[in-house]
2 protein chains.
Amino acid sequence: MTKPRSIDWNGCPTRYAAGIFGDKWCFLLLRDVLLHGKRTYSEFLGSPEGISTNILADRLSRLEAAGMLDRQTDPRKASRVCYFPTRKARDILPALIGVMVWSTKYDARTEAPESFAASFQSDPVGTIEWYEAEIDRVDGEIRGFARG
Amino acid sequence: MTKPRSIDWNGCPTRYAAGIFGDKWCFLLLRDVLLHGKRTYSEFLGSPEGISTNILADRLSRLEAAGMLDRQTDPRKASRVCYFPTRKARDILPALIGVMVWSTKYDARTEAPESFAASFQSDPVGTIEWYEAEIDRVDGEIRGFARG
DNA sequence: AATACAACTTGCAATTTGCAAGTATAAATT
DNA sequence: AATTTATACTTGCAAATTGCAAGTTGTATT
């Protein structure tokens, strides 16, 4: 029995999370898919941070393997691929928005409106529901049906 | 005017956060300092993930530069250094705990007790206050005085 | 049939990481 | 006073990862 070279990445909740989005690019891709309505490779590529194509492909497959994204060919055009956020991905919305509230407090150059933090703190459940409805709207538009 | 090689890392709240703890090791160090009462280089080094010494030194200085950690020599022993979490770091607690709640839901091998998520959801403010009090206790013990 | 999209893959240089070993300063021990 | 121990780093180097440019594949469009 030699000293293990890789650790068990499960068990500790923080470590589990770090294994999935404790990476700059995964983190930003989740932002794009959960908050900016992006679903395709080219849309992700267009984000201002400028991810390179090999890294994007790698991170998309990691997020798919982690059960965060659901990869499917676009029903409207078979040469296009869509990455839909799963329930597991949607469920990090509260934490993600919590992070954004924190950033708006400490980033002097924040672009977020002042109302953002206040409205989340006064009605967190309603805010999450609003974002979820937006996700449903985008996905429903692509899939060609609306959800209840 | 050539094409800029580094992007403006501010403005977008998610990007700001990604710049500070969108890194596995920074993320885990914040866990150690905010939730596990760790304050010194050797304590961080002892965490089960096995960070190497050069990376630890690098991440500690980054977190200090980002205003997340307050580096001070230990008043009890001048050969030792303590890294105290700042208010800015403490304010990430709600999001961090939100992430942990998410992990306990999706990590089959989670070590967190079932009560954890429930107690945070029923009384988020009280839960945060409890963690803050723990941080005060640890810091007060080191500094040799107790806070209100 | 030819062109254009969209989503990747490949090759390679440059940066970052991980590991082992070394250094610096202060405290404790002999 | 001299030696050992503790603590917090720094340095060197091989290995892994990243970023950039270019190429490939499958599907529309003209």
Side-chain angles (χ1 to χ4, degrees), chain A residues 2-9 15 18-29 32-33 37-65 69-84 142 144, chain B residues 2-9 15 18-29 32-33 37-65 69-84 142 144:
Chain A
T2 56
K3 184 185 172 190
R5 298 212 163 254
S6 69
I7 61 161
D8 179 1
W9 211 242
R15 184 169 58 211
I20 293 179
F21 47 82
D23 167 89
K24 187 178 68 178
W25 295 120
C26 288
F27 196 57
L28 294 171
L29 286 173
D32 285 348
V33 87
K38 299 190 179 183
R39 297 290 181 273
T40 69
Y41 189 92
S42 1
E43 284 174 329
F44 299 134
L45 210 56
S47 288
E49 290 83 12
I51 190 171
S52 49
T53 58
N54 53 349
I55 302 298
L56 175 55
D58 178 70
R59 295 304 191 278
L60 287 173
S61 68
R62 280 195 210 180
L63 287 170
E64 194 196 356
L69 296 177
D70 181 19
R71 185 187 188 279
Q72 282 186 262
T73 62
D74 193 322
R76 299 167 307 184
K77 197 179 177 187
S79 67
R80 196 186 286 157
V81 173
C82 285
Y83 294 89
F84 297 104
I142 293 174
Chain B
T2 57
K3 184 185 171 189
R5 300 215 162 254
S6 70
I7 61 160
D8 179 1
W9 210 240
R15 186 170 57 210
I20 294 180
F21 48 80
D23 167 272
K24 186 178 71 179
W25 295 121
C26 287
F27 196 60
L28 294 170
L29 286 172
D32 285 348
V33 88
K38 299 190 179 184
R39 296 291 180 274
T40 69
Y41 189 92
S42 0
E43 284 173 330
F44 299 133
L45 210 55
S47 288
E49 291 83 13
I51 190 171
S52 51
T53 59
N54 53 348
I55 302 299
L56 176 56
D58 177 71
R59 295 305 190 277
L60 287 173
S61 68
R62 281 194 208 179
L63 287 171
E64 194 197 356
L69 296 177
D70 181 20
R71 185 187 187 279
Q72 282 186 263
T73 63
D74 193 321
R76 301 167 305 184
K77 197 179 177 187
S79 67
R80 195 186 288 159
V81 174
C82 286
Y83 294 89
F84 297 104
I142 293 173

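Values below: every heavy atom of this structure, side chains too, minus hydrogens, waters and symmetry copies. These figures come from a predicted structure and were not determined experimentally. Chain identifiers are assigned alphabetically (A, B, ...) following the order of the sequence lines, protein sequences preceding nucleic acid strands; residue numbering begins at 1 within each chain.
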Go through A:Phe44 and A:Ile51 one step at a time and tell me if the side chain to side chain contact (heavy atoms under 4.5 Å, CB included) criterion holds.
CA-CA 8 Å; A:Phe44 299 134; A:Ile51 190 171; 5.5 Å; no
Protein-nucleotide distance ([X], atom [atom1]; [N], atom [atom2]), rounded to Å:
X       : N      : atom1 : atom2 : value
A:Tyr41 : D:dT27 : OH    : P     : 17 Å
A:Leu45 : C:dC5  : CG    : P     : 15 Å
A:Leu63 : C:dC8  : CG    : C1'   : 16 Å
A:Leu69 : C:dA7  : CG    : P     : 14 Å
B:Arg80 : D:dT5  : CZ    : P     : 18 Å
B:Leu56 : C:dC19 : CG    : P     : 14 Å
B:Lys38 : D:dT7  : NZ    : P     : 15 Å
A:Asp74 : D:dA28 : CG    : C1'   : 13 Å

Pairs under 3.5 Å (N/O, protein and nucleotides 12-18 of chain C):
unit_1: C:dT17; atom_1: OP1; unit_2: B:Arg59; atom_2: NH2; d: 2.8
unit_1: C:dG18; atom_1: OP2; unit_2: B:Trp25; atom_2: NE1; d: 3.3
unit_1: C:dG18; atom_1: N7; unit_2: B:Asn54; atom_2: ND2; d: 3.0

Any chance you could measure A:Arg76, atom CZ, to A:Ile142, atom CD1, to the nearest 0.5 Å?
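So the CZ of A:Arg76 and the CD1 of A:Ile142 are separated by 5.0 Å.
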Does a side-chain N or O from A:Arg71 land closer than 4.0 Å to OP1 or OP2 of C:dC8, or not?
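For C:dC8, OP1 or OP2 has a side-chain N or O of A:Arg71 closer than 4.0 Å.
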Using a cut-off of strictly less than 4.0 Å, decide whether B:Tyr83 has a side-chain nitrogen or oxygen near OP1 or OP2 of D:dC9.
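Answer yes for this pair, as a side-chain N or O of B:Tyr83 is under 4.0 Å from OP1 or OP2.
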Could you run through nucleotides 21-30 of chain C and give me one letter per nucleotide, 5' to 3': B if any protein heavy atom sits under 4.0 Å from the base, S if only the sugar-phosphate is that close, - if neither?
B----SS---
Does the side chain of B:Ile20 come within less than 4.5 Å of B:Cys26's, by heavy atoms?
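Not touching, per the 4.5 Å side-chain cut-off.
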Side-chain (A:Arg39) to main-chain (A:Val33) donor-acceptor, under 3.5 angstrom
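Yes; at least one donor-acceptor contact below 3.5 Å.
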Check: A:Ala57 main-chain N/O paired with A:Tyr41 side-chain donor or acceptor under 3.5 Å:
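The answer is no, because no donor-acceptor pair under 3.5 Å joins these two groups.
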Evaluate side chain to side chain contact (heavy atoms under 4.5 Å, CB included) for B:Glu43 paired with B:Asp32, printing each intermediate quantity in order.
CA-CA 9 Å; B:Glu43 284 173 330; B:Asp32 285 348; over 6 Å; no
Tell me which one of B:Asp58, B:Leu60, B:Asn54 satisfies side chain to side chain contact (heavy atoms under 4.5 Å, CB included) with B:Leu56.
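It is B:Leu60, the one option of B:Asp58, B:Leu60, B:Asn54 that forms the side chain to side chain contact (heavy atoms under 4.5 Å, CB included) with B:Leu56.
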Among all residues two or more places apart in sequence or in another chain, which pass the ring-ring contact (aromatic ring centres under 6.0 Å, His included) test with A:Phe21?
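Result, ring-ring contact (aromatic ring centres under 6.0 Å, His included) vs A:Phe21: B:Trp102.
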What's the verdict on side chain to side chain contact (heavy atoms under 4.5 Å, CB included) for B:Cys82 and B:Thr40, showing C-alpha distance, side-chain angles and the deciding distance?
CA-CA 5 Å; B:Cys82 286; B:Thr40 69; 4.2 Å; yes
